[in-house]
Structures are given as C-alpha cells and as structure tokens.
Amino acid sequence: MRIDLHTHSNRSDGTDPVAVLLAHAQESGLDVIALTDHDTADGWTEGRIAAEELGIGFVPGIEISCKLNGVSVHLLSYLLDPSYPALAEELRIVREGRTDRIPSIVARLNSVGVPLTVDEVLAQATGTPSVGRPHVADALVANGTVANRSEAFDRFLADGRAGHVPHYAIEPGRAIDLVRAAGGVPIIAHPWGRSSYKVMNQDTIARLVQDHGLAGIEIDHQDHSGPSRTALHAIADDLGIIATGSSDHHGAGKIDHDLGVNTTDPEQFERLLEVAKENATAAPDAQVPEAYLP
Ligand code: AMP
Ligand code: ZN
Ligand code: FE
Ligand code: FE
C-alpha cells in the first residue's frame, strides 16, 4: 500500500487540475492520495469522482493556514465537514486575506523595480478561491522576470524578501478545535519545515496534543532532513500520536516533490481512520465525508 497524504491541485497553488492529479497519482503507483489544497475544499467533489473512475483511494483534506507568534504554521485536516459554520467562516476570512494582500505584494515589488500588475497575478489564479505567492511567482515567470517559481521565491517572495506580505491565518490551537468540531483529524504539516521549526518545538506540539487534541504530525516530508525525521519520530512515539509522510506535490510548481516521494505507513493510516471515526462520533452536528477506499 502506497499512501500519499498531502497534495495540491490548481484549486489552490498546484498546477494540475484535480482529475489530472488523480490520474498522475495512479500512474505513479499510489493506492491512496489525499487532496489537501490550501484553505479550500473546492476540489473534493471532482477528486472523489476521478478516484472512483480510476479505482484509487481518495481522502478529502484541507491544508489550513495558521500562525503562531507571527510564524506561519500549516495544519493538515482530513475527513472534516468543510461547511461546519465556524470553520467555513474562518477559512473564508483566510482566503479573503490571501486575495486582499495581492495589491500590497505588487506595490512592494514595483517599488524595487519589478514590473508586475495585480491583473497579471489574478490571471494566473483563475478558478482558484485560494490565491498564493506561487501565483505571483507564475506571473513573474509569464512576464519574463524570472525563469521559474524557485527563482521567484529565492529573489522576491521567500519570507523576508521584498514581495513577502503575510496574510491572515488562524492560531493553531483554535484551528485544531475547529477541525475537531467539524469532525475531522488535525495533523501538523511539516512541523520543522521552512518557518514553523521556529515555533514547533516538542513542548508546543505536546501542548497542542494535550489541550486541543492534535492527532499527529507529518514527518516524512522533503523539508525535513534525516536527523529531523528521526527526532520527530521520537517525539511522535513519546506523545503517542500519528506520524504521516507525503510528497506535498504541487504539480510542476515545486521541484523534488514528485508524487509518492514520501509515503505514509499503512499502520499509521489505519490509526488516522480510527481517529476519524472517533472525532466524527464526537461531533454529531458535522456532516463528515467518507474516504473512498476501493
Ligand atoms: P502563501 O501561503 O501564499 O504565502 O505561499 C506559500 C506557498 O508557497 C506554499 O504552498 C509553499 O509550498 C510555496 N513555496 C514556498 N517556498 C517556495 C519555493 N521556494 N518554491 C516554490 N514554492 C514555494
Ligand atoms: Zn502550496
Ligand atoms: Fe505547507
Ligand atoms: Fe502543502
């Protein structure tokens, strides 16, 4: 069983339509794939239909933008009710903040001599409710400023560069509460990745488990070195929480993130499905979706 629990489509900042992503997952020899676009469940219906046609397992999820002490943290959430009112409202505000920051990003880039317009960015994000820095990068590729997304991030968009403007994000404890109220399973994405290593120490993870019911952490991820993975596995064992692995695939948008480059151990996936059942039972108001597992 090869299970990849973190991928993006063009419903957020991946480059492939959902059905293409699912077809690529099957071609890559995956048995189960989770769709976890940023702050939206937009692709779920299409994903479920494509999965049934292809006969590949499908787990609906969302990667929720969070912020702790000003540091960006991502929360993966699985098998939750995306229309649960308090959660839906928070996600709406996050997406609005994503769109509203584009003019500031463009103005800041213009002020350092980079030619770009808001319309050029929005043209790269047609059809997605979740506009991100990768769409700004795509606009800079389209107008010839840079060669690819990586160069755009390195020169202009990475944290601390001229074009990085933060957007509204949810405090992780509150996001975990909302995911559980919506009947889902909360798992911290790449806790020691790009920025979140600054705040996601063992004590913080333990607090999120004990006070909020965090179910697990994503460990096997391209942002984590071998020693980080070993240390994170020790933390997960210590706290008795789930350990997952994934590609964090973004189509052509991110190099070294091919589908299945990291996977989740089937035993850990079984645990995730068990917690999903428990959390759904504990949230009778939530209309939770089912995983499709042929
Ligand atoms: P945002 O949430 O819109 O601020 O943008 C964050 C997104 O940019 C995440 O999906 C990251 O995977 C992506 N990202 C961050 N750094 C890079 C990079 N160097 N190359 C490509 N994508 C990146
Ligand atoms: Zn992304
Ligand atoms: Fe992420
Ligand atoms: Fe991601």
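Values reported hereafter were calculated over all heavy atoms of this structure, with side chains retained and with hydrogens, waters and symmetry mates removed. Both ligands and their constituent atoms are indexed starting at 1 by order of listing.
Ring geometry for His250 against His257 counts as perpendicular: the plane angle is over 60°, on a 0 to 90° scale with 30° as the lower cut.
Comparing His38, His135, Arg98 by heavy-atom distance to atom 2 (O) of ligand 1, the nearest is Arg98.
Put simply, His74 stays out of reach of the Fe ion (ligand 4), with no N, O or S atom under 2.8 Å from it. Residue contacts to the Zn ion (ligand 2): Asp13 brings an N, O or S atom closer than 2.8 Å. Among the backbone and side-chain atoms of His38, none of the N, O or S atoms lies under 2.8 Å from the Fe ion (ligand 4). Within the coordination shell of the Zn ion (ligand 2), defined by N, O or S atoms under 2.8 Å, His8 is absent.
The angle His250:NE2 - the Zn ion (ligand 2) - His38:NE2 amounts to 130°, with values rounded to 10 degrees.
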Verdict with reasoning, Leu79 to Glu290, per side chain to side chain contact (heavy atoms under 4.5 Å, CB included):
CA-CA 7 Å; Leu79 298 163; Glu290 279 186 18; 5.7 Å; no

Are His221 and Asp248 close enough, and set up right, to give a side-chain hydrogen bond (donor to acceptor under 3.5 Å, both in side chains), and what steps lead you there?
CA-CA 7 Å; His221 184 279; Asp248 199 356; 2.9 Å; yes

Apply the test side chain to side chain contact (heavy atoms under 4.5 Å, CB included) to residues Ile205 and Leu239: give CA-CA distance (whole Å), side-chain angles for both, the deciding distance (0.1 Å), then the verdict.
CA-CA 9 Å; Ile205 295 170; Leu239 297 171; 3.6 Å; yes

Carefully, step by step, assess Tyr168 and Glu90 under the rule side-chain hydrogen bond (donor to acceptor under 3.5 Å, both in side chains).
CA-CA 10 Å; Tyr168 172 76; Glu90 278 286 356; 2.7 Å; yes

Report the C-alpha distance between Gln268 and Thr244 in whole Å, list the side-chain angles of each, state the deciding distance to 0.1 Å, and finish with yes or no for side-chain hydrogen bond (donor to acceptor under 3.5 Å, both in side chains).
CA-CA 7 Å; Gln268 299 295 315; Thr244 67; over 6 Å; no

Quick one: do Ser65 and Arg98 satisfy side-chain hydrogen bond (donor to acceptor under 3.5 Å, both in side chains)? Show the steps, please.
CA-CA 10 Å; Ser65 300; Arg98 286 178 160 282; 3.3 Å; yes

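Considering both main-chain and side-chain atoms, His74 never comes within under 3.5 Å of ligand 1 through any nitrogen or oxygen pair. Looking at ligand 1, you won't find any N or O of Ser150 less than 3.5 Å from one of its N or O atoms. Annotation: Arg149 places no N or O atom under 3.5 Å from an N or O atom of ligand 1; distance criterion only.
For atom 7 (C) of ligand 1, the nearest non-hydrogen atom of the protein is Asp13 OD2, 3.6 Å. Closest to atom 18 (C) of ligand 1 among all protein heavy atoms lies Phe153 CG, 3.4 Å. Nearest protein heavy-atom contact of atom 12 (O) of ligand 1 is Lys254 NZ, 2.6 Å. The protein atom (non-hydrogen) at minimum distance from atom 4 (O) of ligand 1 is Arg133 NE, 2.7 Å.
With respect to the Fe ion (ligand 4), His8 has NE2 as its nearest N, O or S atom. Atom OE1 is the N/O/S atom of Glu63 found closest to the Fe ion (ligand 4). Its N, O or S atom nearest to the Fe ion (ligand 4) is what matters here, and for Asp248 that atom is OD1.
At least one heavy atom of Arg194 sits closer than 4.0 Å to an atom of ligand 1. Heavy-atom distances between Pro134 and ligand 1 reach below 4.0 Å in at least one pair. At least one heavy atom of Arg101 sits under 4.0 Å from some atom of ligand 1.
Here Glu171 does not pair with Arg174 in a salt bridge; the nearest charged N to carboxylate O distance is not below 4.0 Å.
At distances below 3.5 Å, at least one donor-acceptor pair connects side-chain atoms of Thr36 with backbone N or O atoms of Thr7. Between the Asp37 side chain and the Ala41 main chain, no donor and acceptor come within less than 3.5 Å of each other. Panel note: side chain Asp39, backbone Val94; no donor-acceptor pair is recorded below 3.5 Å.
The residue from Leu157, Thr15, Ile255 that alone fulfils the side chain to side chain contact (heavy atoms under 4.5 Å, CB included) condition with Arg149 is Thr15.
Residue-ligand proximity, Gly132 to ligand 1, at heavy-atom distances under 4.0 Å covers atoms 3 (O). The ligand atoms of ligand 1 that sit less than 4.0 angstrom from a heavy atom of His167 are 2 (O).
For the 3.5 Å distance criterion, the side chains of Thr204 and Asn201 qualify, holding a donor opposite an acceptor.
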